Amino acid sequence: MSIFNEVMPQYPMMPAAYRDIPTEEMERRVWEIKQKHGDALLIPGHHYQRDEVVQFADMTGDSLELARLSAQNTKARHIVFCGVHFMAETCDILTQPHQKVILPDMRAGCSMADMANMTQTEVAWRLLTEQVGDSILPLTYVNSTAEIKAFVGRHGGATVTSSNARQVISWALKQRKRILFLPDQHLGRNTAFQLGIPLDEMAVWDPYAQRLLTDRDAEDIRIILWKGHCSVHEKFTTAQIEETKRLDPEVRVIVHPECTHDVVIAADDAGSTKYIIDRINEAPPGSKWSVGTEMNLVRRLAAQHPEQQIVSLNPDLCPCLTMNRIDLPHLLWSLECIDRGEPTGIIQVPQAIAEDAKSALERMFEHV
Ligand code: 13P
Ligand code: SF4
C-alpha cells in the first residue's frame with residue numbers, strides 16, 4: 001500500500017499496470033471512450049497540463065476561462081478535469097447537480113492553495129478585525145480551497161483570478177477601506193501596486209506568527225497580504241532577467257504575476273497565462289521571448305511558434321509537480337472507470353460550503 005493510500009484510504013490509486021500500456025494503445029483507448037460518450041463527457045485542460053493530456057482536452061484555458069466554460073456546459077454528465085484540485089472544486093461548485101466532476105489523480109493538489117486553511121483564516125480574521133474593526137473585505141485567488149472561498153463569500157468578498165485581479169481589487173477598495181488578500185501575497189502585491197497603492201500601505205499577514213509583519217499601525221495598511229506563494233513561480237529571479245538581458249537585450253521577458261514583485265518590476269511585461277499566450281500569438285516572426293511561467297506552457301508555446309525564439313526564464317525550468325500528476329495513464333484510467341460505470345476521483349464540495357463559495361465566485365463574475 002502506498003503512503004497516499006495510508007493518508008487518504010478512500011481514494012483508490014491507479015493500478016500500476018496502466019504504466020505498462022504502450023502510448024499508442026492508451027491514446028487509441030482514450031479516443032474510443034471520447035467518441036463513445038460524445039457530449040456526455042467533457043475534458044477541460046489547464047494551460048499547464050502536459051501535451052499528452054492537452055491533446056484530448058475539449059477546451060483549454062486559464063483558471064478564469066475554465067471556470068466560465070464549465071459553468072456554461074450543462075450537457076456533460078462527467079467532467080474529467082485536467083488541472084489541479086481547487087480547479088475541479090470550482091468546476092463542481094459552478095456546474096449542475098447531475099454533473100460529476102472527476103480529478104484523474106487525487107494527488108494533484110496545489111501547494112499555494114494549501115497555504116491557507118480555515119483555522120488560520122478564522123484566527124486572522126478575528127485578530128485583524130479586533131485591530132481595524134469592520135473595515136476589511138476578504139478576497140481570495142481562485143487558487144484556494146472551497147472552504148476559503150466560502151469564508152470569503154460569507155463575508156461579502158469575491159474570488160479573483162490572475163486575469164481579473166485588477167478589476168476585482170478596484171471594486172473591493174470601493175466597498176471597504178482595506179482588503180485581506182488570500183493566499184498569494186505576490187499576486188495581491190503586484191496587482192495592488194499596479195493600481196497605484198504604495199508598498200508601505202501593504203503588509204503581510206503571517207498565519208504562523210499570527211500577526212502583521214510591519215512596523216506601521218494596522219490602521220495605515222490597506223492591503224493585507226496572506227503569507228502564501230507559488231513554489232513554481234518563486235523560482236524566477238531578477239538575476240535570471242539580468243543574465244537574459246546581458247546575453248541578448250532584444251529578448252522580451254514576460255512573467256506571470258505569481259512571481260515576486262522584484263521579478264515583475266524587472267520584467268518587460270506580466271500577466272496571466274492567457275495574457276502571455278495572447279502576447280506571443282500576436283507577436284511578429286523573429287520575436288524573442290523569455291517566459292516566466294510553468295514549463296509545459298512554455299514548451300508548448302515554443303513548439304507552436306517555431307518562427308519565434310521562446311525559452312523559459314529559468315534555464316533549469318519550472319515544472320508544477322502537482323499539475324504534472326495528471327498524465328496519460330491517469331486520464332485513461334479515469335475514463336475507463338467512468339466507462340465501466342464506476343467513476344472514481346469524484347470531487348464533491350459539501351452543499352453549505354458550495355453555496356457560500358458560489359457567492360464569492362459570482363461576485364467575481366459580476367465585476368469582470
Ligand atoms: P492562471 O491560469 O489564472 O493564469 O493561473 C496560473 C496558475 O498558477 C494556475 O494554477
Ligand atoms: Fe499551484 Fe503554482 Fe502549481 Fe499553479 S503553478 S497549481 S499556483 S503550485
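Residues take their numbers from the sequence shown, with the count starting at 1. Order of listing sets the numbers, starting from 1, for every ligand and every atom in it. If you're wondering where the values come from, they're calculated on a predicted model, not measured in any experiment.
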Distance (rounded to the nearest 0.5 Å) between Cys259 SG and Leu313 CG: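 Output value for this atom pair is 7.5 Å.
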Which of the numbered atoms in ligand 1 are below 4.0 angstrom from a heavy atom of [X]?
| X | value |
| --- | --- |
| Thr273 | 1 (P), 2 (O), 4 (O) |
| Ser272 | 4 (O) |
| Met87 | 9 (C), 10 (O) |
| Tyr141 | 5 (O) |
| Asp62 | 1 (P), 2 (O) |

Test item: Trp333 and Pro15 side chains (from C-beta on) under 4.5 Å apart, heavy atoms: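 Heavy-atom side-chain distance check passes, below 4.5 Å.
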Plane angle bin for His233 and Tyr48 - parallel if under 30°, tilted between 30 and 60°, otherwise perpendicular: tilted
Asn73 versus Gln99, side-chain donor and acceptor atoms under 3.5 Å: yes
Pair Ser63, Thr161: side-chain N/O donor-acceptor within cut-off below 3.5 Å: no
For ligand 1, the portion of Asn143 having any non-hydrogen atom under 4.0 Å away: side chain
Region of His256 engaging ligand 1 - heavy atom pairs below 4.0 Å: side chain
Closest protein heavy atom to atom 8 (O) of ligand 1, given as residue, atom name and distance to 0.1 Å: Glu258 OE2, 2.9 Å
For atom 1 (P) of ligand 1, the protein heavy atom that lies nearest, with its residue and separation: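 Looking at atom 1 (P) of ligand 1, the protein heavy atom closest to it is Ser162 OG, 3.3 Å.
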For atom 2 (O) of ligand 1, the option (of Glu294, His47, His46) bearing the nearest heavy atom: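 The nearest heavy atom belongs to His46.
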Residue pairs fulfilling side-chain hydrogen bond (donor to acceptor under 3.5 Å, both in side chains) with at least one residue in residues 265-278, sequence neighbours excluded: Ser163-Ser272, Lys245-Asp268, Asp269-Tyr275, Lys274-Asp278
Residue-ligand contact Lys274/ligand 1, heavy atom below 4.0 Å: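 It does not, in that no heavy atom of Lys274 comes within the 4.0 Å cut-off of ligand 1.
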Test item, Tyr275 contacting ligand 1 (heavy atom, 4.0 angstrom):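 No, Tyr275 has no heavy atom closer than 4.0 Å to ligand 1.
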Salt bridge (charged side-chain N to carboxylate O under 4.0 Å, His left out) partner of Glu336, chosen from Lys34, Lys36, Arg29: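 Exactly one candidate clears the test, Arg29.
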Electrostatic pair Arg126-Glu130, nearest N-O below 4.0 angstrom: yes
Hey, is the main chain of [Y] close enough, under 3.5 Å, to the side chain of [X] for a donor-acceptor pair?
| X | Y | answer |
| --- | --- | --- |
| Asn190 | His186 | yes |
| Arg216 | Ile221 | no |
| His155 | Gly157 | no |
| Arg50 | Asn324 | yes |

Contact atoms of ligand 2, heavy-atom distance to Tyr48 under 4.0 Å: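 Answer for ligand 2: 5 (S).
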Heteroatoms of the protein, restricted to N/O/S, which lie under 2.8 Å from atom 2 (Fe) of ligand 2: Cys230 SG
